[in-house]
Amino acid sequence: MGLQTGEFGKPELVEMSAREAEKIFQGYAKAKPSKEDAYAAARAFLRGQKLDAWQKDLVASAVAEPIQEMSGVTVLGSRRLLELLGSYEAEAKRGDLWRLTWHGLLYSYFNYVPSLARDESTQAGWEALRAFLERTWPLIDQQVGRELVPDWIGILRKEHEVLTAAPVEKYSRAYLRGETEVTDRLAADLGIPPSSWFWHALVLDTVERATDDTDAEFRGLLPRLLNLIQGKPGFRDEALEAILIRYHACKGSPQDEQLRDYVCQSTVWKNPKLKAAGIATAWNRVPDTVWEMVLGWVNKQNLEDFFGILAARNNADEGRLDFWSKYLTQVTWTRLVFGRDTMILKRENPNIRDLIAREEGAYAQLTGKPEVDAFMMRIGSYLFIEFSKKPNACYVYQSDQLPFEPYLRHYDGGTSDLAAGYNTNCALRIVHREGWASRAEADLRRLGISPDRPDVRRAVSTGAATASTMRGRNADTGVTVFRKEASASDSDVPSLRALLSRFPGALMDDLRKADGGGRLWIKDPDQRVALASRLEERGFKWANSRQAWYYVER
């Protein structure tokens, strides 16, 4: 133990050596065989070869490993899997199963990646493995005893729920309470890899539980949900999809700056304005109404930033922010165009630096007027160009007759592009002289553009205006999605579609008829347990004859 190097009578030397011995023991206690040897044993098993005792122990660590020479199939998808698990279980009951063999099966359990499953038999095999581990865990626990307990045994004694049919329920509830320590220890002591199904299930279950709460509770949980997604970015898109759809259903769905700023990051879903340019394709995951909600948030922020930061720097607001705020709910697209001076100022001005960062990938630059910035916005069939500094007018062009391309990266800013209306015909030219606002409002009415309704404007100014209000959604009742025990009425079909969108391959087949006949069917070729549990909560039943779920009309 190394005591010969020190003096007797110093217990710290004994303690240090004991800790070293414990570390060595823990390493051996969860040692895995050579990956190459385990892979070879799994390949031999799939080829129908008889395994010797050593190979039989080795294959346990590779039952979830795709075998390339066998077209990517796994032992989990083999017809002989149940026979193999049965032999392991017989050994466990006799007390002969090697503890590291059981640990190898536990390793395979957590290393399973559903997206790599080739057919439903693989998923069924994984379920069989989970059930085996749940049944045999008491035998392994008893075999280990209470002396020299490996870390992974110790954590399983406290957290055996990970082997049940609801493996993440306890931990998703803990996440919503802000408790992450247990999950962190699970990952460390059980060696759960970042790609494991466990994290996918945990993220989605946590998000889904949050979306089942009331509007106020759900919105209060958003910071924790976003923090969870940031820590597990591999499962980000499905979680964001559910969050955004649920947020859109909140009464009033007021702008949430944290949600807006996170989802609009260039490394996440990007600015929603880029969807039309075919760049931010992640926005195709949600309905247009949800995309328009976030787009409205971005447009409002752009308007405030341009006049509150850029134009204000030159004392050139002239009441323009208040004026254009009266048309805010009709703005369908915006774009900021920064001059050279603004790009330089980002080094020392945090507000400008944050503004440019928020617009990453969406903004353009002016090359001809270094001290000027420009603002583009589309209202109806017209595109408006405002400038940040006098004496520039506001030019209004018909969207289908622009003298420039709206998605260029650079503009001169003069009469060759953005201010071409100075020399050529444009739909309207607004000069900001005294009394300009009343004249501009009358001119806009002649173009068919009137201010927003007063009640909508008030909602916008208090932060409660939404794209859903613009589209006429019932702001008094709202819409609730992901509610348990939901009916299958027409109003709930969008909620069901949102649920199915998180399970690729699942389909809805609505065979209901006007006379009351027919049923609403849900087909899931992969027969995923997570989807099944959600459908059961909603009142669906399983039909063996059609291998599909149907809604039981009450």
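None of the values given here were measured: they were computed from a predicted structure. Excluded from the calculations below are hydrogen atoms, water molecules and symmetry mates; all remaining heavy atoms, backbone and side chain alike, are included.
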* Asked: Does Asp373 reach the main-chain N or O of Gly339 with its side chain, forming a donor-acceptor pair under 3.5 Å?
  -> yes
* To do: State, without any angle test, whether Asn284 and Trp291 hold a side-chain donor-acceptor pair at a distance under 3.5 Å.
  => no
* Look up atom CG in Leu535 and atom CG in Asp524, then write down how far apart they are to the nearest 0.5 Å. => 8.0 Å
* May I ask you to decide if Arg445's main-chain N or O and Ser450's side chain share a donor-acceptor pair within less than 3.5 Å? => no
* Between the main-chain N or O of Ala420 and the side-chain N or O of Tyr395, is there a donor-acceptor pair closer than 3.5 Å? -> no
* Only counting residues at least two apart or in another chain, list the ones meeting salt bridge (Lys or Arg N to Asp or Glu O under 4.0 Å) with Lys270. => none
* Could you list the residues that satisfy salt bridge (Lys or Arg N to Asp or Glu O under 4.0 Å) with Glu179, not counting sequence neighbours? => Arg177
* Applying side chain to side chain donor-acceptor pair (under 3.5 Å), name anything that partners Thr281, two or more places apart in sequence or on another chain. => none
* Asked: Phe384 versus Ile449: any side-chain heavy-atom pair under 4.5 Å?
  -> yes
* All pairs passing side chain to side chain donor-acceptor pair (under 3.5 Å) where residues 223-236 contributes a residue, at least two apart -> none
* Could you list all the ring-ring contact (aromatic ring centres under 6.0 Å, His included) pairs where at least one residue sits in residues 354-379, not counting sequence neighbours? => Phe306-Phe375, Phe338-Tyr363
* Structure fact -> Ser388 meets the side chain to side chain donor-acceptor pair (under 3.5 Å) criterion, sequence neighbours left out, with none
* Other residues, nucleotides, ligands: >12 heavy atoms within 6.0 Å of Lys523 NZ -> no
* To do: In sequence, state the C-alpha distance, the side-chain angles, and the governing distance for Leu418 and Phe387, and then conclude on side-chain contact (heavy atoms from CB on, under 4.5 Å).
  => CA-CA 10 Å; Leu418 301 186; Phe387 293 91; 3.9 Å; yes
* Asked: Do Phe110 and Val162 touch side chain to side chain, with heavy atoms closer than 4.5 Å?
  -> yes
* Are the aromatic ring centres of Trp297 and Tyr262 under 6.0 angstrom apart? -> no
* Structure fact -> With sequence neighbours left out, the residues meeting side chain to side chain contact (heavy atoms under 4.5 Å, CB included) with Arg320 are Phe307, Ala311, Ala316, Glu318, Trp324, Glu386, His432, Trp436
* Asked: Does Thr334 reach the side chain of Leu303, with side-chain heavy atoms less than 4.5 Å apart?
  -> no
* Asked: So, Arg246 side chain and Thr211 main chain: donor-acceptor pair closer than 3.5 Å or not?
  -> yes
* Look at the side chain of Arg335 and the backbone N and O of Pro406, then say whether any donor-acceptor pair between them is shorter than 3.5 Å. => yes
* Asked: Applying ring-ring contact (aromatic ring centres under 6.0 Å, His included), which residue pairs with at least one partner in residues 199-230 are found, sequence neighbours left out?
  -> His200-Phe235
* Structure fact -> With sequence neighbours left out, the residues meeting side chain to side chain contact (heavy atoms under 4.5 Å, CB included) with Glu304 are Lys300, Gln301, Leu321
* Asked: Side chain of Ser172, backbone of Glu169: donor and acceptor closer than 3.5 Å?
  -> yes
* To do: Could you tell me whether a side-chain N or O of Tyr247 sits under 3.5 Å from a main-chain N or O of Pro254, the two making a donor and an acceptor?
  => yes
* Main-chain N/O of Glu405 paired with Tyr411 side-chain donor or acceptor, under 3.5 Å -> yes
* Checking side-chain contact (heavy atoms from CB on, under 4.5 Å) for the pair Asn302/Glu359: CA distance, chi angles, key distance, verdict? -> CA-CA 9 Å; Asn302 281 175; Glu359 290 297 294; 3.1 Å; yes
* Asked: Can you tell me how far CG of Asn299 sits from CD of Glu292, rounded to the nearest 0.5 angstrom?
  -> 10.5 Å
* **All salt bridge (Lys or Arg N to Asp or Glu O under 4.0 Å) counterparts of Arg439, not counting sequence neighbours** => none
* Asked: Taking side chain as C-beta onward, heavy atoms only, is Tyr327 less than 4.5 Å from Pro451?
  -> yes
* Asked: Given Val337, which of Arg409, Gln365, His410, Met376 fulfils the side chain to side chain contact (heavy atoms under 4.5 Å, CB included) condition?
  -> Met376
* Output every pair passing side chain to side chain donor-acceptor pair (under 3.5 Å) with a member in residues 414-428, not counting sequence neighbours, ordered by first then second residue. => none
* Structure fact -> By salt bridge (Lys or Arg N to Asp or Glu O under 4.0 Å), Arg358 pairs with (sequence neighbours left out) Asp305
* **Intermediate values then yes/no, side-chain contact (heavy atoms from CB on, under 4.5 Å), Leu383 and Leu402** => CA-CA 8 Å; Leu383 187 68; Leu402 296 177; 3.7 Å; yes
* Side chain of Asp452, backbone of Leu328: donor and acceptor closer than 3.5 Å? -> yes
* Going by heavy atoms in the side chains, are Asp400 and Ser381 under 4.5 Å from each other? -> no
* Side-chain contact, heavy-atom cut-off 4.5 Å: Leu176 with Leu225? -> yes
* To do: Mind running side-chain contact (heavy atoms from CB on, under 4.5 Å) on Leu244 and Trp269 for me, showing each step along the way?
  => CA-CA 12 Å; Leu244 288 168; Trp269 279 22; 3.5 Å; yes
